[in-house]
Amino acid sequence: MKTPLKRLAILGSTGSIGKSTLSIVEQFPERFAVAALAAGRNVDEAFAQAVRWRPLVVSLATEELASNLSSRLRQAGVTGIRVVYGTEGTVVCSTLPEADFVVSAIVGVAGLEATHAAILAGKPVGLANKECMVAAGEILTAAARQHNVPILPIDSEHNAVHQCLRVGAHAEVKTIWLTASGGPFRTLPLDRFDAITPEQALKHPTWVMGRRITIDSATMLNKGLEIIEACRLFDVPPSQVRVTVHPQSTIHSLVEYVDGSILAQISVTDMRLPILYALAYPERPASTLTFDLAALRHLEFEPPDFERFPCLTLAYQAAEKGGAHCIALNAADEVAVEAFLERRIPFTAIPRTIEQVLASTPEAHPVTIADVLAADREARRMAGALVA
Ligand code: MG
């Protein structure tokens with residue numbers, strides 16, 4: 001039987017996940033096509049993508065960028081592409097009747113409304129944006145259940161867990177083990193953490209990623225966000241999600257079952273594989289992303305050092321409280337990371353800032369996206385005042 005063509009709306013098409021998604025579409029033209037692209041601020045890249053993929057809709061961040069793209073398309077003689085902008089434009093992309101699947105890869109809470117709208121419109125979502133799940137996971141998973149919409153994780157660890165969970169029942173799961181590389185400071189003496197520079201923190205040992213996520217890997221807050229993401233995606237309490245530091249990053253994550261069996265997922269360190277898995281689920285198309293098992297020499301595992309990485313403790317605390325605390329964890333971190341990158345605060349002030357914001361955050365469970373965004377703004381305001 002021929003697989004029907006899946007037409008994609010890609011939110012965050014000019015970012016690294018967006019580009020990897022387009023390279024998958026390129027490799028599997030019989031399976032995937034492009035219906036809509038939400039491209040943000042990079043007009044040059046948006047223009048090139050629009051010309052190459054001929055989507056029905058392209059969305060940019062602002063009206064000015066949109067009219068710039070429109071006139072360039074006109075000059076190039078490209079017709080039939082609707083150009084929209086802003087949050088509304090992203091929602092147009094994510095709810096487009098011609099789109100069968102939405103890739104949510106806009107960094108930060110900017111992609112939240114469009115992702116929520118996609119679920120309400122009944123579109124399956126491939127989720128690369130962990131901030132969405134951390135800030136509004138309670139709302140998104142409830143909507144997904146109500147509309148019977150699958151949310152397929154693209155984050156490599158959660159994608160691995162999703163694969164390992166296919167072999168057992170939910171009640172048989174004992175522990176979800178998220179692997180962590182441990183970042184560049186896994187063995188740095190604790191008394192030297194204050195002197196860490198942005199340049200040092202931006203050097204990740206195994207993955208090449210955006211600036212914020214690279215710093216979040218260095219503080220291990222990224223793993224903390226992933227703990228929360230796992231709780232929401234897989235409907236387990238924080239006590240059932242644990243972290244193991246695995247410097248080789250070969251095993252992307254593991255699931256331990258109650259009988260003692262542990263299943264692990266191994267593959268190349270290449271985001272195209274989790275993207276392909278999410279796009280094609282429940283099928284597994286043949287790909288060239290092979291892993292050389294013979295090159296696998298040794299695998300190390302060690303427990304995370306909670307003293308060295310206080311962000312992990314903060315994340316567990318936020319995960320237990322849920323709601324506004326998870327929103328504040330994410331928002332305060334983003335503000336603190338920005339301040340660190342601008343050399344306004346030391347590395348060790350990142351967890352201190354988050355801790356103080358969490359301490360001032362009331363326990364609340366927003367039920368609308370607008371409430372989530374309001375809690376996000378309030379946490380950012382508090383964090384901004386602290387780093388100033
Ligand atoms: Mg990850």
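Starting from 1, each residue takes its place in the sequence as its number. Every number for a ligand or one of its atoms is a count from 1 in the order of the listing. Predicted model only: the values in this text are computed from it and were never measured.
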The Mg ion (ligand 1): protein N, O or S atoms [distance under 2.8 Å]: D155 OD1, E157 OE1, E226 OE2
Sequence neighbours excluded - salt bridge (Lys or Arg N to Asp or Glu O under 4.0 Å) pairs with any residue from residues 36-62: E26-R52, D44-R72
Salt bridge (Lys or Arg N to Asp or Glu O under 4.0 Å) contacts in which one or both residues fall within residues 158-173, not counting sequence neighbours: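 Those involving residues 158-173 do not exist here.
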Listed partners of N159 passing side-chain contact (heavy atoms from CB on, under 4.5 Å), at least two apart: Q163, P274, Y277
Distance, nearest 0.5 Å, that separates CD1 of I251 from CG of L178: 13.0 Å
Ring-ring centroid check F101 F32, cutoff 6.0 Å: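 No.
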NZ/NE/NH1/NH2 to OD/OE distance under 4.0 Å, K6 and D100: no
